[in-house]
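Worksheet for the structure shown next.
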Amino acid sequence: MKNPVSRQTVETTSPEETYRLAAELLQTLRPGTVLALHGELGAGKTCFVQGLAQAMGVRRAVGSPTFTLINEYPGPLPLYHIDLYRIGGVNEALGLGLEEYLEADGITAIEWAERVAELLPPSTIHIRLVAGVKPEERTITIERGSKA
C-alpha cells in the first residue's frame with residue numbers, strides 16, 4: 001500500500017525566509033531522512049541546505065559541493081550534502097558510495113537527485129525550488145509520500 005502524498009507549497013522572498021522554511025522542515029525530520037532537491041541552476045537548492053545546516057548547528061560555511069560532490073557536516077545529527085550535477089549517471093553515483101549516504105543516520109540532502117531517481121528510498125522527501133520573477137523570490141514545494 002502506497003503512502004498518501006502530502007504536499008506543501010510556500011513562497012519565500014529572501015534567503016532568510018528560505019532558511020526559516022528549512023529550519024521548520026528540520027523539526028519534522030528523523031535520522032536517516034533523505035531529501036531530494038530539484039530545481040534549475042540558481043533555484044536555491046544550496047540556500048535551502050544552508051538553512052538546514054544553520055538549524056542543525058553547523059558552524060562551518062556551507063557551499064555547493066559541485067566539485068567535491070559530497071560535503072559532510074558532523075554533529076549530533078550529521079548532515080550529508082551531495083551534489084550530483086557533474087555525475088554521469090547511476091553507476092558513477094554508486095561508485096561514490098551514494099548508497100551508504102542513503103542509509104546513513106543523519107540527514108542526507110541531494111541536489112540534482114533526479115539523476116539517481118531509481119536509487120532513492122520511497123520515504124525520500126522531494127523539495128522542488130523554482131525561482132520567481134524577482135531575484136530572491138522562490139516557490140518551494142515539499143512533497144512527502146511518493147517516489148516522484
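Atom set for the values below is all heavy atoms of this structure, side chains included, hydrogens, waters and symmetry mates excluded. Quantities reported herein were computed from a predicted structural model and do not represent experimental measurements.
In the hydrophobic cluster analysis, where Ile, Leu, Val, Met, Phe, Trp and Tyr join through side-chain heavy atoms closer than 4.5 angstrom, V58 is grouped apart from I70. V34 and L77 are not part of a single hydrophobic cluster, where members link through side-chain heavy atoms under 4.5 Å apart. Put simply, I140 and Y19 are part of two different groups of oily side chains (I, L, V, M, F, W, Y) that touch within less than 4.5 Å, one to the next. In the hydrophobic clustering of ILVMFWY residues, with side-chain heavy atoms under 4.5 Å counting as a link, W112 and I127 come out apart. Under a hydrophobic clustering in which Ile, Leu, Val, Met, Phe, Trp and Tyr are joined whenever their side-chain heavy atoms come within less than 4.5 Å, directly or via other members, I142 and M56 fall into the same cluster.
From I125, atom CD1 reaches atom OG1 of T28 across 5.5 Å, with rounding to the nearest 0.5 Å. In this structure, the separation between CD1 on I107 and NE2 on H81 is 13.5 Å, given to the nearest 0.5 Å. Remark: L84 CG to L37 CG distance equals 10.5 Å, nearest 0.5 Å. Here the OG1-CG distance, from T46 to L41, works out to 10.0 Å after rounding to the nearest 0.5 Å. The CG atom of N91 sits 12.0 Å away from atom CG of L98, with the distance rounded to the nearest 0.5 Å. One distance of note links CG of L35 with NZ of K45; it measures 14.0 Å at 0.5 Å rounding.
Q8 has its side chain out of reach of L25: every pair of non-hydrogen atoms, C-beta onward, lies at least 4.5 Å apart. Residues L52 and V62 form no side-chain contact, since every pair of their non-hydrogen atoms from C-beta on lies 4.5 Å or further apart. Inter-residue side-chain proximity for E24 and Q27 is flagged as unmet; no heavy-atom pair is nearer than 4.5 Å. L21 places a side-chain heavy atom less than 4.5 Å from the side chain of F48.
Listed for the R138 side chain is a donor-acceptor partner under 3.5 Å among the backbone atoms of A43. Between the side chain of T108 and the backbone N or O of Y101 there is at least one donor-acceptor pair closer than 3.5 Å.
Between L119 and the choices V90, T124, I110, the side chain to side chain contact (heavy atoms under 4.5 Å, CB included) rule is met once, by V90.
Listed here is the closest heavy atom pair of G51 and A22: C-CB, 3.8 Å. Between A93 and V116, the shortest heavy-atom distance links the atoms CB-CG1, 3.5 Å. Taking both residues in full, the closest heavy atoms of L129 and G44 are given as CD2-O, 3.5 Å, listed atom of the first, atom of the second, then distance. When all heavy atoms of G63 and Q50 are compared, the pair lying nearest together is CA-NE2, 4.5 Å. In this structure, E72 and R60 approach most closely via the heavy-atom pair O-NH1, 3.3 Å.
In summary, the side chains of E137 and T13 do not present any donor paired with an acceptor at a separation below 3.5 Å, with no hydrogens or angles considered. Under 3.5 Å, the side chains of E111 and Y85 contain no donor-acceptor pair of N or O atoms.
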